[in-house]
Structures are given as C-alpha cells and as structure tokens.
2 protein chains.
Amino acid sequence: MRARVFVTLKRSVLDPQGKAIQGALETLGYPEVEEVRVGKVIEITLKDGERSAARARLEEMCRRLLANPVIEDYRVEFEAEPSGARETEPTSAKDPA
Amino acid sequence: MRARVFVTLKRSVLDPQGKAIQGALETLGYPEVEEVRVGKVIEITLKDGERSAARARLEEMCRRLLANPVIEDYRVEFEAEPSGARETEPTSAKDPA
C-alpha cells in the first residue's frame, strides 16, 4: 500500500523558496505565473492492511515527525493498488491550527 | 488555474532524506513502514487560460528550472477550479531519461 503525505507551509507563512522560484520563472519569460509555493511530498510504502487504520497511523506520523504543525499543514492521500488504475483518492485536509 | 508539479528523485537514485525518515519512523514505533522517498511539490497559480497550453508551458518550466532531469522525474497535475469540487486530474508521468 502506497501513501503520499503532502507537507506544505500554511498560507499565512512566508515561503522564500517559492518567491525565489517565482522570480526566476518571471525572468525566464513566464509572466503567467502568479504565485509559487513549495512543499514536500513524502511517498510512504506500507505493509498491506486496513486503509482507515493506516490513515490514522500516517496522521500520527505527521504530527510526531513529518510536519511542524505550527507552520505547516499536512494531507494524506492513498495511491491505488499497483494492479488497479493509477488514481489517487483525495482525502481530508488537516489543518491542526 | 492552479497546478501542482511533483519533482521526485528517480527510483535508481539514493534518497538519504527518505532513509533517515524511514529510520526515525521505525525508532518511533512504526514497523509497517517499508520505504520512504521524499520529493518536492511545487504549487503554481497561473493566469487563467487553456489547460493544454498551460501544461506544455509547465513542462517546459520543469525542464528549464524546476527539475534536474539527470536525477529527477517530474509530473504535472491540475487542480479543479476553485468553484468546482476539489479534485486533481491525474496526468502523464514524464521520465525524460
């Protein structure tokens, strides 16, 4: 079972890396870019098991290690099984603040 | 129009950050974690326009600035319009190698 954890800065937190990319894209000739924000995606392969239990465990991992809830939001998504079509299942956004 | 660009290390490239997280999760009591890989997600807000043209521009940005095609893969996804349901449209994976 594969999950993706998205860890992004809260909207209220300044993102200098995103601003730098935005400026570089403008310089390179992409004026259509209005905003850039950079986050992390953590791809986690888990032993097979029940998905709702896995979600609870993954959210615990986010709170304990993967995200800094003071400045970051996190979101857990599951990938479809390798045998199936490659879809992601959009899931609840968590904003612990 | 909002797009997400995923930049991840190629499978053949060692990911020390992922290995460190994997080790930490095992120490914290999550033995179900089999593998961890860390990548970047770049959220880009674009002026509204035609989606296929935007995709071509975004893939060009990846090749020119956002990704290092020697060691990284990239993938572009679009988010649904803010008025609609919050879905992502899974799109073609690009492996320029």
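Throughout, a chain's letter reflects where its sequence line sits, starting with A, and its residues are numbered from 1.
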Query raised in the report: Of the listed residues (B:Thr45, B:Leu66, B:Ile44), which shares the most heavy-atom pairs with chain A below a 4.5 Å separation?
Result: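 Most heavy-atom pairs within the cutoff with chain A belong to B:Thr45.
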**Report entry** Top of B:Ala24, B:Gly39, B:Gly18, B:Gly49 for chain A proximity - count of heavy-atom pairs under 4.5 angstrom
**Finding:**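 Top option by heavy-atom pairs under 4.5 Å: B:Gly39.
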Give, for atom [atom1] of [X] and atom [atom2] of [Y], the distance between the pair rounded to the nearest 0.5 Å.
| X | Y | atom1 | atom2 | result |
| --- | --- | --- | --- | --- |
| B:Leu25 | A:Met61 | CG | CE | 5.5 Å |
| A:Glu32 | B:Leu58 | CD | CG | 7.5 Å |
| B:Gln17 | A:Ile42 | CD | CD1 | 7.5 Å |

Requested in this report: Quick one: closest heavy-atom pair of A:Lys47 and B:Pro31, and the distance?
Outcome: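 So the minimum-distance heavy-atom pair works out to NZ-O, 2.9 Å.
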**Report entry** Greatest number of heavy atom pairs closer than 4.5 Å to chain B - which of A:Val5, A:Asp15, A:Leu65
**Finding:**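 Sorted descending by pairs with chain B, the first entry is A:Leu65.
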Query raised in the report: Pick from A:Val7, A:Ile21, A:Leu28: which one has the most heavy-atom pairs with chain B under 4.5 Å?
Result: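 Highest number of pairs under 4.5 Å: A:Leu28.
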Requested in this report: Spell out, yes or no, whether B:Val41 and B:Met1 are grouped together once hydrophobic residues are joined by side-chain heavy atoms under 4.5 Å, including indirect joins.
Outcome: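 Result: no, two separate clusters.
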Query raised in the report: Linking I/L/V/M/F/W/Y whenever any side-chain heavy atoms sit under 4.5 Å apart, do B:Val70 and B:Val13 land together?
Result: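 Hydrophobic grouping puts B:Val70 with B:Val13.
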Query raised in the report: Name the one of A:Val36, A:Thr8, A:Val38 that satisfies side chain to side chain contact (heavy atoms under 4.5 Å, CB included) with B:Glu43?
Result: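 Single pass found, and it is A:Thr8.
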**Report entry** Contacting moiety of A:Phe6, where chain B heavy atoms sit under 4.5 Å
**Finding:**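 When you check distances to chain B, only side chain atoms of A:Phe6 fall under 4.5 Å.
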Requested in this report: Using non-hydrogen atoms and a 4.5 Å limit, figure out which bit of A:Glu60 sits close to chain B: side chain, backbone, both or neither.
Outcome: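 Its backbone and side chain both get close to chain B.
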Requested in this report: Check the surroundings of atom CD in A:Glu34: do more than 12 heavy atoms from other residues, nucleotides or ligands lie under 6.0 Å from it?
Outcome: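 Check passes, neighbour count above 12.
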Query raised in the report: Considering only heavy atoms from C-beta outward, does the side chain of B:Leu46 approach that of A:Val33 to under 4.5 Å?
Result: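 Yes, at least one pair of side-chain atoms sits under 4.5 Å.
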